[in-house]
Amino acid sequence: MPRKTINLTEIPSGYFLTWQYLTQAYNHSSVKLEAGEQLFFDKSKTNNVTDLQVIAHGSGVYTSKSPLTLTIETTPKLEIEVVSGAIHDSNVNKVGYSYSFAIEDWDDNDYNDVYINIMAWAKQG
């Protein structure tokens, strides 16, 4: 399985995270979000169902001093397009970050096979 690890270095420790991992691919995939010993999720899609499936979703507070990393595996191919940005309040103060990953696992280049979204805010609630 091709694998890619992405360091989410913009997100500092102490931020509140939410995530989604969805797929509508025939092929298998695995996604893990962690920071050192702090594991947020490690989930795999192991069936050949092509209906949209939510494989993982949730939230947590990033407390580790280790970098936040996202590891993605797909078969037979792995190509990733990323949309990311900062979240600003009305005074243009940075209050969070947003990452969306559109992943291609085949040769049709539609980038709709695996979708991962990670949001991070400076405070929860």
Side-chain angles (χ1 to χ4, degrees):
M1 252 187 192
R3 173 190 292 199
K4 173 106 176 155
T5 298
I6 299 165
N7 295 316
L8 302 174
T9 57
E10 292 293 320
I11 302 174
S13 183
Y15 270 47
F16 175 70
L17 306 175
T18 65
W19 57 82
Q20 296 177 323
Y21 159 31
L22 301 96
T23 179
Q24 61 179 359
Y26 176 84
N27 298 313
H28 298 182
S29 60
S30 295
V31 178
K32 178 168 47 173
L33 180 63
E34 64 185 333
E37 298 295 319
Q38 188 176 13
L39 178 64
F40 295 99
F41 74 92
D42 185 0
K43 298 288 182 178
S44 297
K45 188 250 189 197
T46 58
N47 61 45
N48 296 111
V49 176
T50 57
D51 294 331
L52 184 64
Q53 299 173 66
V54 177
I55 307 300
H57 66 92
S59 63
V61 178
Y62 168 33
T63 58
S64 176
K65 300 219 184 294
S66 297
L68 188 63
T69 60
L70 179 70
T71 302
I72 304 163
E73 294 183 43
T74 60
T75 58
K77 175 176 158 179
L78 175 60
E79 291 183 7
I80 303 171
E81 291 295 325
V82 181
V83 177
S84 66
I87 302 167
H88 295 92
D89 67 12
S90 59
N91 294 317
V92 196
N93 296 308
K94 194 179 299 179
V95 297
Y97 298 93
S98 172
Y99 292 90
S100 295
F101 302 89
I103 298 166
E104 177 59 47
D105 71 352
W106 193 244
D107 292 328
D108 55 3
N109 293 324
D110 54 13
Y111 287 83
N112 68 357
D113 300 314
V114 177
Y115 171 75
I116 303 161
N117 181 261
I118 298 171
M119 301 288 291
W121 291 274
K123 64 180 186 176
Q124 180 180 0

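Please read these numbers as outputs of a predicted model, since none were measured by experiment.
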Please tell me if the side chains of F101 and L70 come closer than 4.5 Å, counting only heavy atoms from C-beta onward. yes
More than 12 heavy atoms of other residues, nucleotides or ligands under 6.0 Å from CH2 of W106: is that the case? no
Under a single-linkage definition using a 4.5 Å side-chain heavy-atom cutoff for Ile, Leu, Val, Met, Phe, Trp and Tyr, are M119 and F41 assigned to the same hydrophobic cluster? no
To the nearest 0.5 Å, what is the distance between CZ on F16 and OG1 on T63? 13.0 Å
Between the main-chain N or O of E104 and the side-chain N or O of D113, is there a donor-acceptor pair closer than 3.5 Å? no
More than 12 heavy atoms of other residues, nucleotides or ligands under 6.0 Å from NZ of K77: is that the case? yes
Test log, rule side-chain contact (heavy atoms from CB on, under 4.5 Å), inputs N48 and H28: CA-CA 7 Å; N48 296 111; H28 298 182; 3.7 Å; yes
ILVMFWY network linking I72 to Y111, side-chain heavy atoms under 4.5 angstrom: no
Taking it one step at a time, do L33 and I116 satisfy side-chain contact (heavy atoms from CB on, under 4.5 Å)? CA-CA 11 Å; L33 180 63; I116 303 161; over 6 Å; no
Got a donor-acceptor contact below 3.5 angstrom from the E34 side chain to the T69 backbone? no
Look at the side chain of S13 and the backbone N and O of S64, then say whether any donor-acceptor pair between them is shorter than 3.5 Å. yes
Interatomic spacing from NZ in K43 to OG in S29 - rounded to 0.5 Å: 13.0 Å
Could you tell me whether a side-chain N or O of T23 sits under 3.5 Å from a main-chain N or O of A25, the two making a donor and an acceptor? yes
Donor-acceptor pair, Q24 side chain versus L52 backbone, under 3.5 Å? no
Identify which one of Q53, K32, H57, K45 satisfies the side-chain contact (heavy atoms from CB on, under 4.5 Å) criterion when paired with Y21. K45
Which atoms form the tightest heavy-atom contact between P12 and Y62, and what is the distance? O-CD2, 3.3 Å
Say whether T18 and S59, considering side chains only, have a donor N or O and an acceptor N or O under 3.5 Å apart. no
Are L22 and I80 in one and the same hydrophobic cluster, where Ile, Leu, Val, Met, Phe, Trp and Tyr link if side-chain heavy atoms are under 4.5 Å apart? no
Backbone N or O of T9 within a donor-acceptor pair of the N7 side chain at under 3.5 Å? no
Is it true that a side-chain atom of Q20 and a backbone atom of Y115 form a donor plus acceptor pair closer than 3.5 Å? no
More than 12 heavy atoms of other groups within 6.0 Å of H88 NE2: yes
I need the minimum non-hydrogen distance between F40 and G60, along with the two atoms involved. CE2-C, 4.4 Å
Apply the test side-chain contact (heavy atoms from CB on, under 4.5 Å) to residues V114 and T74: give CA-CA distance (whole Å), side-chain angles for both, the deciding distance (0.1 Å), then the verdict. CA-CA 9 Å; V114 177; T74 60; 4.2 Å; yes
Determine, step by step, whether I11 and Y99 satisfy the side-chain contact (heavy atoms from CB on, under 4.5 Å) criterion, reporting the C-alpha distance in whole Å, the side-chain angles of both residues, the deciding distance to 0.1 Å, and the verdict. CA-CA 10 Å; I11 302 174; Y99 292 90; 3.7 Å; yes
Is there a path from W19 to V95 through hydrophobic residues (I, L, V, M, F, W, Y) whose side chains come within less than 4.5 Å of each other? no
Are M1 and V31 co-members of a hydrophobic cluster defined by side-chain heavy atoms under 4.5 Å apart? no
Would you mind reporting whether Y15 and L68 have side-chain heavy atoms less than 4.5 Å apart? no
Is there a side-chain contact between T71 and R3 (heavy atoms, below 4.5 Å)? yes
Quick check for you: to the nearest 0.5 Å, what is the distance between S30 atom OG and I55 atom CD1? 9.5 Å
Return the CG to OG1 distance between N27 and T50, rounded to the nearest 0.5 Å. 11.0 Å
